[in-house]
Amino acid sequence: MDKFLEAAMQEAQKGLDEGGIPIGSVLVIDGKIVGRGHNQRVQKGSAVLHAEMDCLENAGRLSAVDYQRATLYSTLSPCDMCSGAILLYGIPKVVIGENQTFCGPEAYVRSRGVDVSVLNEPKCRELMEAFIQKHPQLWNEDIGV
């Protein structure tokens, strides 16, 4: 597995261990992780702390030039909200662990010039499938269903 996706998987596991939804994300600039995050909607009672949003928050304020050199890794396809943040900050590349359990607006993000790669990593999919089976109501709440 890609080392940065592995770091995102560690974040996803952290979220699961805390009683939350197992999705993780890391932001990489110039080959270094500058932000890490995991879904914390349950843990913090948040409406917006998806993994990507938590990751961006933890990276802190960055310049437009920094974002233009960044790659965002996520264990799961980013939703509309997280995709909006990717577009807002001009992040040029997104690497997704899997998009079988949930697929965000990847085609739209691509149409806006973002390089979107889906790795179809079985570990990412298996983690989400097990969570969704065990906690369908929590999962539906997270994706707005």
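Below, all heavy atoms of this structure are taken into account, side chains as well, without hydrogens, waters or symmetry copies.
Heavy-atom neighbours of Tyr89 OH from other residues, nucleotides or ligands within 6.0 Å: at or below the threshold of 12.
For Asp80, the side-chain contact (heavy atoms from CB on, under 4.5 Å) test picks out Pro105, with sequence neighbours left out. In this structure, the side-chain contact (heavy atoms from CB on, under 4.5 Å) partners of Asn58, at least two apart in sequence or on a different chain, are Asp54. Glu98 is linked by a salt bridge (charged side-chain N to carboxylate O under 4.0 Å, His left out) to nothing, counting only residues two or more places apart in sequence or in another chain. Applying the side chain to side chain donor-acceptor pair (under 3.5 Å) rule to Ser111 yields no partners; only residues at least two apart in sequence or on another chain are considered. Looking at residues two or more places apart in sequence or on another chain, you find a side-chain contact (heavy atoms from CB on, under 4.5 Å) between Lys123 and Met1, Met9, Glu121. The side chain to side chain donor-acceptor pair (under 3.5 Å) test applied to Ser83 returns no partner, not counting sequence neighbours. Partners of Thr75 according to the side chain to side chain donor-acceptor pair (under 3.5 Å) rule, which considers only residues two or more places apart in sequence or in another chain, do not exist here. Residues meeting the side-chain contact (heavy atoms from CB on, under 4.5 Å) test with Arg112, sequence neighbours left out: Leu87, Tyr108. When the side chain to side chain donor-acceptor pair (under 3.5 Å) test is applied to Gln43, the partners found at least two apart in sequence or on another chain are Glu18.
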Exercise for the section: Please step through side-chain contact (heavy atoms from CB on, under 4.5 Å) for the pair Val95 and Phe4, ending with a clear verdict. Expected result: CA-CA 9 Å; Val95 178; Phe4 297 124; over 6 Å; no

Practice task
I would like to know whether Gln40 and His38 meet side-chain contact (heavy atoms from CB on, under 4.5 Å); could you show each step before the answer?
Solution key: CA-CA 6 Å; Gln40 295 204 57; His38 54 278; 3.8 Å; yes

Practice task
Begin from the C-alpha positions of Leu119 and Leu5 and carry the test side-chain contact (heavy atoms from CB on, under 4.5 Å) through to its verdict.
Solution key: CA-CA 9 Å; Leu119 301 183; Leu5 185 59; 3.7 Å; yes

Exercise for the section: Could you walk me through whether Leu62 and Ile29 pass the side-chain contact (heavy atoms from CB on, under 4.5 Å) test, one step at a time? Expected result: CA-CA 11 Å; Leu62 299 172; Ile29 298 176; 4.1 Å; yes

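Looking only at distances, no side-chain donor or acceptor of Arg36 sits under 3.5 Å from a matching main-chain atom of Cys55. Remark: the backbone N or O of Pro122 is not paired with any side-chain donor or acceptor of Asn120 at under 3.5 angstrom.
By the 4.5 Å heavy-atom criterion applied to side chains, His50 and Cys79 are counted as neighbours. Within the 4.5 Å cutoff, side-chain heavy atoms of Glu141 are placed close to those of Arg41. Residues Thr71 and Leu27 are not in side-chain contact: their nearest non-hydrogen atoms beyond the backbone lie 4.5 Å or more apart.
Clustering of Ile, Leu, Val, Met, Phe, Trp and Tyr side chains at separations under 4.5 Å places Met81 together with Val48, Met53.
Smallest separation of non-hydrogen atoms from Ala8 and Tyr73: CB-O, 4.4 Å. Scanning all heavy atoms of the two residues, the minimum distance from Gly97 to Cys124 falls at CA-SG, 3.8 Å. In this structure, Cys82 and Glu52 approach most closely via the heavy-atom pair SG-OE1, 3.2 Å. Scanning both residues, Ser74 and Ile23, for their nearest heavy atoms gives OG-CG2, 4.2 Å. Minimum heavy-atom separation, Asp115 to Ser117: OD1-OG, 3.8 Å. Tyr67 approaches Leu56 most closely through the heavy-atom pair CE2-CD2, 4.3 Å.
The side-chain hydrogen bond (donor to acceptor under 3.5 Å, both in side chains) analysis of residues 19-33, with sequence neighbours excluded, yields the pairs Asp30-Arg69.
For Glu6 and Lys3, the salt-bridge test fails: no basic side-chain N is under 4.0 Å from an acidic carboxylate O.
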Show me the donor-acceptor pairs within less than 3.5 Å that the side chains of residues 125-138 make with the rest of the protein, sequence neighbours left out.
{"from": "Arg125", "atom 1": "NE", "to": "Glu129", "atom 2": "OE2", "distance (Å)": "3.4"}

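Under the 4.5 Å side-chain heavy-atom criterion for grouping Ile, Leu, Val, Met, Phe, Trp and Tyr, Val65 is not connected to Val114 through any hydrophobic cluster. The same ILVMFWY cluster, assembled from side-chain heavy atoms under 4.5 Å apart, contains both Val116 and Leu72.
Taking CG of Leu49 as the reference point, atom CG of Asn39 lies at 8.0 Å (rounded to 0.5 Å).
Between Phe102 and Trp139, the ring planes lie perpendicular to each other; the angle is over 60°, past the 30° to 60° tilted range.
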